[in-house]
Amino acid sequence: MIAWVHERTGLDRVWKALFERHVPEARGPAAWLYTLGSASLFVFLVQALTGALLAMSYAPTPDHAYDSVRYITGQVALGGFIRGLHHWGASFMVVLAVLHMLRVYFMGAYKYPREITWMTGVCLLLLVMGFSFTGDLLPWDQKAYWATAVGTNIAGQTPVIGGVVSRVLKGGSEMGAATLTRFYAFHVLVLPALLAMVVLVHLFLVVWHGISELPERRLQDGDPQGP
Amino acid sequence: MSWYEQYRSRYARLKQAGKPFFPYAVFKDMVVVSLILAALCWLAYFAGAGLEDLADPTDSTYNPRPEWYFLFLFQALKFFPGRLEPVAAVVVPGVSVLLLLLVPLLDRGPLRHPLDRPFWTGLGLASLAAFGHLTWSGYHSPLINPTVEKDPLISRGIRLYREMRCAYCHKINKKGGNIGPELDRSAGSGSEEWLAKHLRDPQSVTPNSAMPKLNLLDDEIQALVAYMKSLGEPFTAEAPKLFTQNCASCHRIGETGGEAGHDLSLIGSARDKAFIKRYIGDPSKTNPDSSMPGFKGQLTEVQIEDLSRYLAGLGR
Ligand code: HEM
C-alpha cells in the first residue's frame with residue numbers, strides 16, 4: 001500500500017531529499033542559530049492559520065470592521081485568543097526574520113553560492129513588513145487609522161512617484177472605505193501569495209545549495225595547517 | 001583554481017561527513033519552535049491584542065504610536081525637519097534596503113568569519129546600535145510627529161483651494177495674487193457661519209465684493225471653511241512676550257531659548273491650536289512622561305489661547 005503510493009508520487013524520494021540529506025555538523029551553541037529560519041517559517045504558518053480563522057468573521061468595510069473585531073474578541077469561541085496569537089505572531093515574525101537575517105549576515109552565509117538565497121530573503125523581509133503595515137489598519141480603531149495615515153503620508157513623500165504610490169495605497173486621494181478594502185486585499189490575497197512563492201524559492205535554494213557550514217577563521221601563517 | 005571550486009569541494013566533503021537533517025537539525029528546530037509557541041500562547045492569552053476606540057477621521061489630535069519596530073524610523077524623521085523629511089522618510093530607508101539587497105555582491109571573497117570581515121561586521125554592529133538607540137529614544141520621547149495628517153477636511157480644503165485657483169486673487173503665506181485679501185491675516189477672524197455664507201454667495205455678506213460666486217457644494221464649503229479656520233487666528237503682541245517669560249527657559253523658537261524642551265520653531269506644522277492649547281494647560285494628560293509643568297492656573301484662559309494661536313502659526 002505504502003509502496004503503491006510511493007511509486008505513484010515519489011514521496012519517499014522527496015522525503016529522502018528533504019530530510020535525509022546531510023548537513024554539515026555545527027558544534028557548540030552557534031548551532032542553535034540555524035533554527036531561526038525554521039522558526040520564521042513556523043510563525044508564518046501560525047499566521048496563515050489564525051489569519052484564516054479571523055477572516056471567517058471579519059468584515060472589511062469601515063462600517064463593520066470595528067464591530068466585527070469586537071465580535072471576534074467577545075463573541076467568537078476562542079476569538080480573543082486567536083486574535084492575540086495573530087497579533088503577537090506578527091511581531092514574532094518580524095523579530096525572527098530579522099534575527100535569522102543577522103545570523104546569516106554575521107556568519108557571511110550570503111556568500112557564494114548563496115547570494116540569491118539572500119536576495120530572496122530580503123524580499124521576504126519586505127513582504128513581512130508589508131503584512132504588518134496592511135494588517136495594522138484592519139481593526140479600524142483610532143490607532144489603526146492614524147498609524148496608517150502617517151504611513152501613507154510617508155510613502156507619499158517619495159520623490160517623483162510619491163503621489164501615485166499614496167494613491168494606489170489609499171485607493172484614492174482620501175483614506176476611507178477604498179483604503180480598507182484595498183489593504184484587506186493586499187493582506188489576505190496579494191501578500192500571502194507572494195510570500196508563499198518567495199518562501200518556496202528561498203527554501204528550494206537553501207536545500208539546493210545545502211546549509212552553510214559554520215564559518216572558520218582564516219588560517220594564519222604559522223598555524224599547524226599552514227595558510 | 002578559483003576559490004569557488006575550492007569551496008564547492010570543501011563543502012561537499014563537510015556535507016558528506018555531516019549528519020542527516022532529520023533528526024539532527026529537526027530536533028533543534030522542534031525545541032525552538034515549541035518554546036516560541038509557548039511564548040506566543042502565553043502572550044496571546046495574558047496580553048491579548050488591544051482595541052482602541054472606533055477610528056475617527058476628524059480627530060486630528062490623536063497621537064499615533066507606530067509599532068515598536070517602526071519607532072526608529074519615526075525617531076529618525078525628527079532629525080530631518082521640514083523640507084528634508086522625504087530624505088529620512090524615503091531616501092534613507094530606500095538606499096538601506098538596496099544596500100541590504102546588494103550585500104552579497106559587495107562583500108565577496110571566501111572569508112566568512114566575522115572577525116575576518118571587520119568592515120562588514122562593524123557596519124552590521126553600527127546599524128544595530130543605531131537601530132537600538134533610535135528605538136530607545138523614540139520610546140522615551142514625546143510624540144511630536146511632523147507627518148501626522150491634519151484633519152482630512154482641512155486637507156480637502158487645501159486641495160479645493162488649489163483646484164479652484166483661489167490663489168489667483170488671494171495670498172496665503174505671502175504667495176498668491178493681490179486682488180483679494182491676504183487670507184492668513186483675515187480669514188481666521190471670521191466666524192464659521194460668516195465664512196460659509198461668504199463662500200456660498202460673497203455679495204450676500206459683502207455687497208461690493210469683487211469675488212465671483214463659485215457655486216460650491218455644501219461639503220466643499222465646509223472643507224474650505226475648515227481650511228480657512230486652520231490658517232490661524234490673530235494673536236496679540238503679548239503672546240511672544242508670554243513665551244519669553246514662561247516657556248523660553250526650556251523651549252527654543254529660532255535661535256533663542258532653552259534646550260531642555262523641544263524646539264518649537266516649527267510646531268505649527270505638526271500640531272493644531274486645539275492640541276497646543278490642551279498641552280500647555282496640562283501636558284501630562286496628553287503625554288504622561290512629560291516633565292513640563294501645566295500652565296492652567298498659572299496663566300489665564302485668555303493668555304493660553306493667545307499663546308496657542310501664536311504657536312500654532314509657527315512653521316506653517
Ligand atoms: C519569512 C522569512 C524567512 C523564512 C521563512 C526563511 C526560512 C529559511 C530557512 C528555513 C533557512 C534554513 C537555514 C536556517 O534556518 O538558518 C533559511 C536560510 C537562509 N536564509 Fe532565510 N528565511 C526568511 C527570511 C530571510 C531573510 C530576511 C534573509 C536575509 C536577508 C534570509 C537569508 C537566508 C540565507 C542567505 C539562507 C542560507 C543560509 C545558510 O545556508 O546558512 N532569509 N531561510
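A note on names: the letters A, B, ... follow the listed sequences, proteins ahead of strands, and every chain is numbered from 1.
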Trainee: Taking every non-hydrogen pair under 4.5 Å, which of M30(B), R13(B), R10(B) racks up the most with chain A?
Mentor: R10(B)
Trainee: Which atoms of H86(A) are under 4.5 Å from chain B, going by heavy atoms: the side chain, the backbone, both sets, or neither?
Mentor: neither
Trainee: Go through G50(B), C41(B), A39(B) and name the one with the most non-hydrogen pairs under 4.5 angstrom from chain A.
Mentor: C41(B)
Trainee: Which residue out of F92(A), F42(A), W32(A) racks up the most heavy-atom pairs below 4.5 Å with chain B?
Mentor: W32(A)
Trainee: For L11(A), does the CG atom have more than 12 heavy-atom neighbours from other residues, nucleotides or ligands under 6.0 Å away?
Mentor: yes
Trainee: Can you tell which part of A109(A) gets under 4.5 Å to a heavy atom of chain B, answering side chain, backbone, both or neither?
Mentor: both
Trainee: Just checking R70(A): does its CZ atom have more than 12 heavy atoms from other residues, nucleotides or ligands closer to it than 6.0 angstrom?
Mentor: no
Trainee: Please state whether the side chain, the backbone, both or neither of V98(A) comes within less than 4.5 Å of a heavy atom of chain B.
Mentor: neither
Trainee: Less than 4.5 Å to any heavy atom of chain B: does that hold for the side chain of S212(A), its backbone, both, or neither?
Mentor: both
Trainee: What about Y184(A) and Y58(A), are their ring centers closer than 6.0 Å?
Mentor: yes
Trainee: Considering only heavy atoms and a distance below 4.5 Å, find which of V33(B), L54(B), L14(B) pairs most often with chain A.
Mentor: L54(B)
Trainee: Does atom CH2 of W88(A) have more than 12 heavy-atom neighbours, drawn from other residues, nucleotides or ligands, at distances under 6.0 Å?
Mentor: no
Trainee: Among R21(A), E216(A), E20(A), R114(A), which residue has the highest count of heavy-atom pairs closer than 4.5 Å to chain B?
Mentor: R21(A)
Trainee: Is it true that E52(B) and K143(A) make a salt bridge, defined as a side-chain N closer than 4.0 Å to a carboxylate O?
Mentor: no
Trainee: With chain B, which of E25(A), H22(A), E115(A) has the greatest number of heavy-atom pairs at distances under 4.5 Å?
Mentor: H22(A)
Trainee: Side chain, backbone, both or neither: which part of V26(B) has a heavy atom under 4.5 Å from chain A?
Mentor: side chain
Trainee: Please evaluate residues Y34(A) and D29(B) with respect to the criterion side chain to side chain donor-acceptor pair (under 3.5 Å), reporting the C-alpha separation (whole Å), side-chain torsions for both, the decisive distance (0.1 Å), and the verdict.
Mentor: CA-CA 8 Å; Y34(A) 284 80; D29(B) 286 348; over 6 Å; no
Trainee: Quick check on W140(A) against chain B: is it the side chain, the backbone, both or neither that has a heavy atom closer than 4.5 Å?
Mentor: both
Trainee: Going by heavy atoms in the side chains, are L102(A) and L128(B) under 4.5 Å from each other?
Mentor: yes
Trainee: Between W68(B) and chain A, with a heavy-atom cut-off of 4.5 Å, which part of the residue counts as in contact: side chain, backbone, both or neither?
Mentor: side chain
Trainee: Which bit of V23(A) comes within less than 4.5 Å of chain B, counting heavy atoms only: side chain, backbone, both or neither?
Mentor: both
Trainee: Identify whether the distance between the nearest side-chain nitrogen and carboxylate oxygen of E213(A) and K15(B) falls below 4.0 Å.
Mentor: no
Trainee: Rounded to the nearest 0.5 Å, what separates atom OG in S40(A) from atom NE2 in H202(A)?
Mentor: 8.0 Å
Trainee: By a 4.5 Å heavy-atom criterion (distance strictly below it), what part of I82(A) contacts chain B: side chain, backbone, both, or neither?
Mentor: neither
Trainee: Taking the six-membered ring for Trp, is the centroid-to-centroid distance between F106(A) and W120(B) below 6.0 Å?
Mentor: no
Trainee: Report which part of R108(B) has an atom under 4.5 Å of a heavy atom belonging to chain A: side chain, backbone, both, or neither.
Mentor: backbone
Trainee: For Y11(B), is the NZ or CZ atom of R112(B) found under 6.0 angstrom from the centre of its six-membered ring and inside 45 degrees of the ring axis?
Mentor: no
Trainee: Establish, for the pair K28(B) and Y24(B), whether the NZ or CZ atom is under 6.0 angstrom from the six-membered ring centre and no further than 45 degrees off its axis.
Mentor: yes
Trainee: Evaluate F131(A) against H187(A) for ring pair (Phe, Tyr, Trp, His ring centres under 6.0 Å), listing each step before the verdict.
Mentor: CA-CA 6 Å; F131(A) 268 107; H187(A) 193 80; 5.4 Å; yes
Trainee: If you count heavy-atom pairs under 4.5 Å between each of L102(B), L111(B), L43(B) and chain A, which one has the most?
Mentor: L43(B)
Trainee: Taking side chain as everything from C-beta outward and backbone as N, CA, C, O, which of these in L96(A) sits under 4.5 Å from a heavy atom of chain B? Side chain, backbone, both or neither.
Mentor: side chain
Trainee: Given heavy-atom pairs under 4.5 angstrom as the criterion, report whether the side chain, backbone, both or neither of Y7(B) touches chain A.
Mentor: side chain
Trainee: Which region of L35(B), side chain (C-beta onward) or backbone (N, CA, C, O), has a non-hydrogen atom less than 4.5 Å from a non-hydrogen atom of chain A, or is it both or neither?
Mentor: neither
Trainee: What about the rings of F183(A) and F133(A), do their centers lie closer together than 6.0 Å?
Mentor: yes
Trainee: Taking side chain as everything from C-beta outward and backbone as N, CA, C, O, which of these in F46(B) sits under 4.5 Å from a heavy atom of chain A? Side chain, backbone, both or neither.
Mentor: neither
Trainee: Answer with side chain, backbone, both or neither: which region of D136(A) has an atom nearer than 4.5 Å to a non-hydrogen atom of chain B?
Mentor: side chain
Trainee: Answer with side chain, backbone, both or neither: which region of R8(B) has an atom nearer than 4.5 Å to a non-hydrogen atom of chain A?
Mentor: side chain
